[in-house]
Every structure is written in C-alpha cells, then in structure tokens.
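Inspection log for the structure reproduced underneath, given as structure tokens.
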Amino acid sequence: MPRKEILEAVQKYVDPFRVTKGQGFQLKDFDPADTRGLKMNKGDAAELLRRGSEWLAMEQDMLYAQDRWSLLLIFQAMDAAGKDGTIKHVMSGVNPQGCQVYSFKQPSAEELAHDFMWRYARRVPERGRIGIFNRSYYEEVLVVRVHEEVLERQKLPAGLVTKRIWDERLADIAHFEEYLSRQGVVVLKFFLNLSYKEQKKRFMERLDRPEKNWKFSASDVRERKYWDDYRHAFQEAIGATAAVYAPWFVVPADNKWFTRLIVAAAIVELVESLDLQYPKVDAAKKKELAAARAELAAES
Ligand code: ATP
Ligand code: MG
C-alpha cells in the first residue's frame with residue numbers, strides 16, 4: 001500500500017483520540033477499552049506495530065540529519081497503564097543516538113530548590129532529537145495537586161500559594177509549550193487512559209506472577225485510593241493545555257496492543273506532516289565529495 005493511503009487509514013484510528021481544544025473536554029467521553037471495532041490477534045498487531053516502528057526509524061534518521069526540528073513525547077498515566085512497555089515497543093527501531101528518555105521521579109533536594117519547570121526545561125531535546133518524558137511537568141498539576149504535602153515541600157513563598165495555583169500552573173505549562181512550538185520543538189502528549197478495573201487486574205498479576213513481582217509497589221495500591229482525584233486533575237490538565245501546537249492523545253489503555261498502535265500511529269502521522277528531508281547537497285559540497293572520492297580512488 002502506498003504511504004499516503006496507509007497514512008489516511010491510520011488517521012481514521014488516531015483522530016478520535018486527539019484533543020486539540022480544551023473547551024468542552026470530558027474525560028468520561030473516552031472509553032479505556034475502546035478499540036474502534038478493530039479486532040486483531042497478537043501476531044497481526046505486533047506486525048503492524050513493527051512496521052510503524054520501522055517507519056518511525058526512517059523518519060528519525062531524517063530528523064537527525066536535518067537537525068532543525070525536535071520531538072518531545074510526553075507520557076502520563078496512572079500506574080500500570082503501560083507507559084514503559086509502550087515506550088519500549090514504539091521506539092524499538094529508532095537509533096538510540098537520536099533519542100533521549102527521561103523518567104521523572106520524586107524531585108531531589110536540588111530540584112526542589114528551583115522553580116518547578118527547571119528540571120524539565122533542561123531535558124528538552126536538542127534539535128534533531130526525539131525526547132521522551134516518562135512522566136513530566138504535568139506531575140506538577142497531578143500528584144502535587146492530589147497530595148498537598150508535596151506542594152509544601154516546594155517551599156513557595158506563602159503569599160503565592162492561593163486557590164488559583166493550579167490554574168496558574170496550567171497557564172504556565174500552556175505558555176511553555178507554545179514557546180517550545182515556536183522553537184521547533186514539537187510536543188505530543190499521551191494520556192494512557194486505563195480503567196479502574198483493569199488497573200486492579202494488572203496489580204493482581206504483578207502479585208501473582210513471580211516474574212512480575214519486581215514491578216509491584218505497595219504505594220501504587222495506596223495511590224489507587226485517590227483515583228477520582230487523579231481523574232479530576234487529569235481532566236483539568238488536559239482541558240487547560242490541549243492545543244493544536246501541543247495536542248493531547250487520550251489513548252485507550254485497557255488493551256495494550258491498541259495503545260501501542262495508536263501511539264505509534266500518532267507519532268508517525270506527526271513526523272510525516274513535518275515533511276522531513278535529508279539536507280540538500282549544494283554545488284560546493286558536491287565538488288568536495290568528488291574530490292574526496294578521487295583522492296580515495298587514487299590510493300594505491
Ligand atoms: P514504574 O513504576 O513503571 O517503574 P513510575 O514512573 O511509576 O514507573 P516510580 O519510581 O514508581 O516510577 O514512581 C515515581 C513517582 O514519582 C510517582 O509516584 C510520581 O507521582 C512521583 N513524582 C513524579 N514527579 C513528581 C513531582 N514533581 N513531585 C512529586 N512526586 C513526583
Ligand atoms: Mg510506579
């Protein structure tokens with residue numbers, strides 16, 4: 001199938017999950033188990049994903065060679081939604097030299113001594129690179145919003161902590177992303193939308209299967225008690241920061257194969273739209289290449 005047709009086919013699946021306008025956004029309109037009626041066996045899904053990753057690898061090569069745009073891919077989700085696996089599978093084909101993954105955990109003392117954006121801003125990918133944020137500055141309006149004691153650790157001057165703080169932070173994030181977009185950093189944000197029920201199932205698996213035990217953390221089960229607070233925080237965050245220049249994708253996460261396909265498709269679709277090309281070789285460069293070739297050929 002020609003690439004254009006594949007892209008059009010892919011678009012049909014990605015479109016329903018893309019949010020570029022916050023107005024009227026309702027998280028509850030998105031079904032975590034949705035697969036758009038697509039039924040696939042594991043083998044077919046894996047094969048399609050493999051092709052998507054190959055495609056992405058090809059585009060990444062041009063992104064790197066061109067050295068103008070960069071791509072910032074943000075992954076946010078509740079625990080066990082499959083962030084790590086999705087990143088691993090979707091990026092499996094790309095050249096590690098052109099790709100930087102950062103996992104943001106609880107901030108260090110040094111990080112807490114700075115403004116909240118500091119530790120994220122310094123990890124924004126260089127030109128020509130793909131940067132992946134496994135968690136991101138969105139934690140500053142998610143976990144920090146859900147747990148007030150986390151905000152206290154940030155040592156803000158008391159007068160700046162008002163009930164408007166979350167709206168202010170969301171506005172700051174939206175501005176930051178607009179700024180990035182004007183710098184040639186293309187921002188895509190993925191919320192892996194897992195259901196409460198499926199999360200329980202995955203936690204159970206981590207407890208019951210020895211090879212998955214290492215993934216289990218008791219604190220994840222404690223966080224589950226704040227499910228509704230997190231949903232509310234996500235709803236607010238996506239609503240306030242969805243934009244054409246920094247779209248959100250609310251990706252169904254109850255079926256891993258579908259999650260991975262949609263994420264891969266969204267990225268491929270985006271890089272295609274950049275219309276990347278290898279840098280043009282001008283006359284002077286051509287001459288230089290020819291001379292080098294002649295020199296090599298003349299070696300005895
Ligand atoms: P996994 O569990 O798959 O290894 P993870 O992203 O859940 O990956 P953990 O080390 O389990 O990694 O958890 C990181 C923790 O750090 C999360 O609970 C998250 O809420 C917390 N965290 C991330 N950013 C911040 C922040 N800015 N302030 C406070 N806590 C944060
Ligand atoms: Mg965790």
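Start at 1 and go down the list; that is how both ligands and their atoms are numbered.
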Taking the six-membered ring for Trp, are [X] and [Y] ring centroids under 6.0 Å apart?
X: Phe30; Y: Phe25; value: yes
X: Tyr137; Y: Phe176; value: yes
X: Phe190; Y: Phe75; value: yes
X: Phe104; Y: Tyr120; value: yes

Checklist entry - Around ligand 1, what residues show up once you keep those with a heavy atom under 4.0 Å from it? => result Asp79, Lys83, Asp84, Phe104, Lys105, Gln106, Pro107, Arg119, Tyr120, Arg135, Glu139, Glu140, Val143, Val144, Val150

Checklist entry - For Phe203, what are the other residues in its hydrophobic cluster, where any two members join if their side-chain heavy atoms are less than 4.5 angstrom apart? => result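 Phe203 shares its hydrophobic cluster with Leu207, Phe216, Val221.
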
Item to check | Side-chain ion pair, Glu205 and Arg202, N-O less than 4.0 Å | outcome: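 Salt bridge flag = no for Arg202 with Glu205.
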
